[in-house]
Amino acid sequence: MNITDHLTQAIAAALNELYSISADAASITLQETRREFSGDYTLVVFPYVKQARKAPEAVAQDIGAHVAANMPEVSGFNVVKGFLNFEVADSYWLRFIETIASDGRFGLSEQSADEAPVVVEYSSPNTNKPLHLGHIRNNLLGWSVSRLLEAAGANVKKVNLVNDRGIHICKSMLAWLRYGNGETPESTGMKGDHLVGKYYVEFDKHYKEEVKQLMDSGVEEEQAKREAPLMVEAQQMLKRWEEGDKEVRGLWEKMNGWVYAGFDETYRRLGVGFDKVYYESNTYLLGKELVQKGLDLGVLFRKDDGSVWCDLTADGLDQKLLLRRDGTSVYMTQDLGTALLRHNDFGAERLIYVVGNEQDYHFKVLKLILGKLGFSWADKVYHLSYGMVELPNGKMKSREGTVVDADDLIDEMESTAEEMSREHGKNDELTDEERKHLYHILALGALKYFILKVDPTKNMLFNPAESIDFNGNTGPFIQYTHARIRSIVRRAGENEGLNGQCEWDGIQMNEKERLVIKTLHALPSTIRQAAAAYSPALVANYAYDLAKAFNSFYQDTPILKEADQKIKAMRVNICMCVANALRNTMDILGIEVPERM
RNA sequence: GGCCCUGUAGCUCAGCUGGAUAGAGCGAGAGUCUUCUAAACUCUAGGUCCUGCGUUCGAGUCGCAGCAGGGUCACCA
């Protein structure tokens, strides 16, 4: 049992014995003592003074004395107003380091593979344009949350749902037929997703011209948008697609193939992957079946024009369309189908959807309709709603060309990493291949940390004019800390054979050492909290705190140069523990740490 | 307009289920490499926590109202 659990129990006992206050240990919250005061953990006694009928200082004194008398790990306590600060004995911290030094997986729970899995859907791209910064946030979050849940012991299945069909891809196809002159990724040297995206933009350009012409000749805007020849043709193409038209299907397969090759490349560079990939073209029919079931059950209804709806006015929402009047399906139809399919495939304990907060309404409706269709597992659906990535002048809009392209951004990060590394000039002994790998993991480390350190639920700002930092609260800072530690541990291992061996008794620690160890001690609860909140940001901030505490210690405490062999061995052990913790927490963020840099 | 989210230092962000004098990084200023990797460390300056009212022994944190910004309310996804 760790010290904080032990303390809360002892406090509960003290409250009971001293004042007959019955409080269970779980209801007692300790906080870490603030730097300005001496002590390790603090109990705020104000909540108990009324029942104790004593002054806050007296209550704190009583509890402190009681706990100190019963817990040998508590070496002392002090009282400041209503705050009771406990001091933990060095012997406890030393024993703690001793225990975790040999445990490379400290803080990580073992996964139980026979448990019902948690299915995490993320990425979920459309196949009509390349990935941009918004998708990057999605992919990094999805990957990291999966790693985080695994670290907390869950059996996670990562899935991708590729939106490979619909009006959007028809637009790209149509524009390519019209204006493409048979261009291919091979003939142009373009990445396939970028080539297809080019024609999506091309469609929009010509479509706008047509709308403008119609409006100039006196047609209302609504009508013009609906009746522009390109739009009509795109819709016909979608209809032909749903009817299985060979020509349309052939072109569709060809162009989607280009896009997949491009996506795979971007996923590979981002270091993300999936256990299973769903394609909406395979699942939307199931959605249509569900709609039929809903009609049979009477929870859906058909309007005169043939369109199918769900009435949610009783739930305070609107009516929601599920099938267009021409019988083709919409987003919601498909999502109903894929939800059912996924539930059947995995028998999941939870179905997590990593999707932007602009779709909060969609998921609210999705859960409601699943419930109306009679699926008891509707409440297992959890929308992990993350905030938008905004640019200094607002939201990214693909049609207005204000997007930060994912591949471009990664390229830029890599060349910045190379520049920085060359400036430092520390990597001369590396081979070209090792150097290239280093630039890559530093680039991705900077990018991933930048995005993952902010609370997922909040919108965040990205300023393309200021490139992502490599100093301060950044990924490379933590990577650097790890590399420095590894350097020490290598020397220690080679020269001294100190790994995991140490005489622990009677060592006096300094403040810096104690802070590092206390931070290490908080790792398991940090991971638990982060997993409960689906927040890699908590892990990122933890890793930063740990690295900072270590650097401060490293700065003015000799390690290998320490003359006292016992102290030296203890410090090397602290180093190994920190290196492990940094590697494991960064791994949760999908960030690799280098041996040297 | 209805509903949802956000508002903390010049900028980007922390601040766990309410607790001590609100913290980091960047940027600004000053120091530290003959010493285990200076992508580091140490110090200084910088705040009406959007505003008001309320709940509480105690509010950046909870409630209500207002102001500001964003999202959404598609036969787009």
Side-chain angles (χ1 to χ4, degrees), chain A residues 27 29 31-37 42 44-47 49-50 56 80-83 85 124-126 128 163 166-168 171 226 235 280 303 305-309 316-318 321-326 328-332 334-335 356-362 364 385 387-388 390 394-395 420-421 423-424 426 442 446 450 453-455 457-463 466 469-474 476-481 483-488 491-492 525-526 529-530 532-533 535 537-538 540-541 544-545 547-548 551-562 571 575 596-597:
Chain A
S27 73
T29 53
Q31 47 189 299
E32 286 180 27
T33 304
R34 298 177 61 115
R35 297 282 174 79
E36 314 88 272
F37 303 93
T42 296
V44 181
V45 302
F46 292 113
V49 298
K50 207 175 254 175
V80 181
K81 292 188 279 184
F83 297 88
N85 304 317
S124 312
N126 294 344
N128 62 329
N163 186 6
I167 191 75
H168 49 91
K171 289 177 181 176
R226 209 166 47 233
Q235 253 144 12
E280 277 190 2
K303 286 192 180 175
D305 63 4
S307 57
V308 177
W309 299 73
L317 305 174
D318 286 331
L321 179 88
L322 291 176
L323 281 184
R324 294 189 186 97
R325 95 186 91 164
D326 66 2
T328 55
S329 63
V330 293
Y331 182 41
M332 183 62 73
Q334 294 155 183
D335 253 14
N357 62 14
E358 56 192 349
Q359 294 193 33
D360 285 356
Y361 182 78
H362 172 78
K364 210 168 164 182
S385 165
M388 303 284 95
E390 287 166 353
K395 202 185 164 186
M420 303 288 263
S421 295
E423 262 175 48
H424 289 292
K426 294 177 183 175
L442 293 180
F450 177 83
K453 79 169 177 191
V454 342
D455 182 337
T457 64
K458 289 188 179 171
N459 289 359
M460 64 178 292
L461 191 123
F462 177 79
N463 188 347
E466 303 165 10
D469 240 303
F470 282 64
N471 299 320
N473 187 358
T474 66
F477 169 90
I478 298 166
Q479 290 170 314
Y480 175 69
T481 305
R484 286 213 296 196
I485 298 173
R486 290 299 304 159
S487 171
I488 291 174
R491 286 163 196 267
S525 68
T526 301
Q529 274 177 34
S535 175
L538 297 178
N541 287 317
Y544 175 65
D545 285 342
K548 209 156 58 107
N551 282 333
S552 178
F553 154 74
Y554 173 91
Q555 190 67 24
D556 50 27
T557 310
I559 299 168
L560 297 177
K561 288 175 183 162
E562 171 60 45
R571 289 180 182 158
C575 286
R596 51 197 101 213
M597 68 184 267

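Order of the sequence lines sets the chain letters (A, B, ...), proteins ahead of strands, with each chain counted from 1. This one's a predicted model, so the numbers in the text were calculated from it and none came from an experiment.
With centres under 5.5 Å and a plane angle under 30°, the ring of A:F37 is stacked against the base of B:A20. By the 5.5 angstrom centroid cut-off and the 30-degree plane limit, A:F46 is classified as not stacked against the base of B:G58.
Nucleic acid contact class of A:I167 (heavy atoms, under 4.0 Å, all strands): sugar-phosphate only. Among the heavy atoms of the strands lying under 4.0 Å from A:Y331 is at least one base atom, whether or not backbone atoms are also near. Contact annotation for A:Y554: base contact, defined as any heavy-atom pair under 4.0 Å involving a base atom. Nucleic acid contact for A:V44: base, since at least one base atom lies under 4.0 Å from a heavy atom of the residue. Residue-level contact check: A:S27 touches neither bases nor backbone, having no heavy atom under 4.0 Å from any strand. Counting non-hydrogen atoms under 4.0 angstrom, A:S421 reaches a base of the nucleic acid. If you check every strand for non-hydrogen atoms under 4.0 Å, A:E423 touches nothing. Within 4.0 Å (heavy atoms only), A:P558 reaches at least one base atom of the nucleic acid. The residue A:T29 sits close to a base: some heavy atom pair falls under 4.0 Å. Using a 4.0 Å heavy-atom cutoff across all strands shown, A:H424 reaches at least one base atom of the nucleic acid. Among the atoms of the strands shown, base atoms are found under 4.0 Å from some heavy atom of A:M597. Looking at heavy-atom distances under 4.0 Å, A:Q529 makes contact with a base. Contact annotation for A:L317: no contact, since no heavy-atom pair falls under 4.0 Å across all strands.
Whole-Å rounding puts the A:F450 CZ to B:C13 C1' distance at 10 Å. Rounded to whole Å, atom C1' of B:C43 lies 13 Å from atom CD of A:Q555. The CD-C1' distance, from A:Q359 to B:C3, rounds to 17 Å in whole Å. Atom-to-atom, CG of A:L538 to C1' of B:A14 comes out at 10 Å; the value is rounded to the nearest Å. For the pair A:Y480 OH and B:A40 C1', the computed distance is 5 Å after rounding to whole Å. In this structure, CZ of A:R34 is placed 14 Å from C1' of B:C16, rounded to the nearest angstrom.
For A:N357 and A:K50, each mapped to the nucleotide of RNA chain B holding its nearest heavy atom, the one lying further toward the 5' end belongs to A:K50. Nearest-nucleotide mapping onto RNA chain B: of A:S552 and A:F462, the residue sitting toward the 5' end is A:F462.
Rounded to whole Å, the separation between the C1' atoms of B:U17 and B:C76 comes to 40 Å.
Between A:F553 and A:I559, some side-chain heavy-atom pair lies under the 4.5 Å cut-off. At a threshold of 4.5 Å between non-hydrogen side-chain atoms, the residues A:L560 and A:I488 count as touching. The shortest distance between side-chain heavy atoms of A:E390 and A:F462 does not fall below 4.5 Å.
No hydrogens or angles were tested; on distance alone, a donor-acceptor pair under 3.5 Å links the side chain of A:N85 to the base of B:A20. Taking only distance into account, the side chain of A:T42 meets the base of B:A20 through a donor-acceptor pair shorter than 3.5 Å. At a cut-off of 3.5 angstrom, counting only N and O atoms as typed in the model, there is a donor on one side and an acceptor on the other between the side-chain of A:D305 and the base of B:C75.
Of the N and O atoms on the side chains of A:Y331 and A:Q359, at least one donor lies less than 3.5 Å from an acceptor on the other residue. Between the side chains of A:T474 and A:D469, no donor-acceptor pair of N or O atoms lies under 3.5 Å.
Listed for the A:D305 side chain is a donor-acceptor partner under 3.5 Å among the backbone atoms of A:S307. Not a single donor-acceptor pair under 3.5 Å links the side chain of A:S552 to the backbone N or O of A:K548.
An anti base is found at B:C62: its glycosidic angle is more than 90° from 0.
For A:Y361, the side-chain atoms get nearest to B:U72 when compared with the rest of B:U72, B:C41, B:C16.
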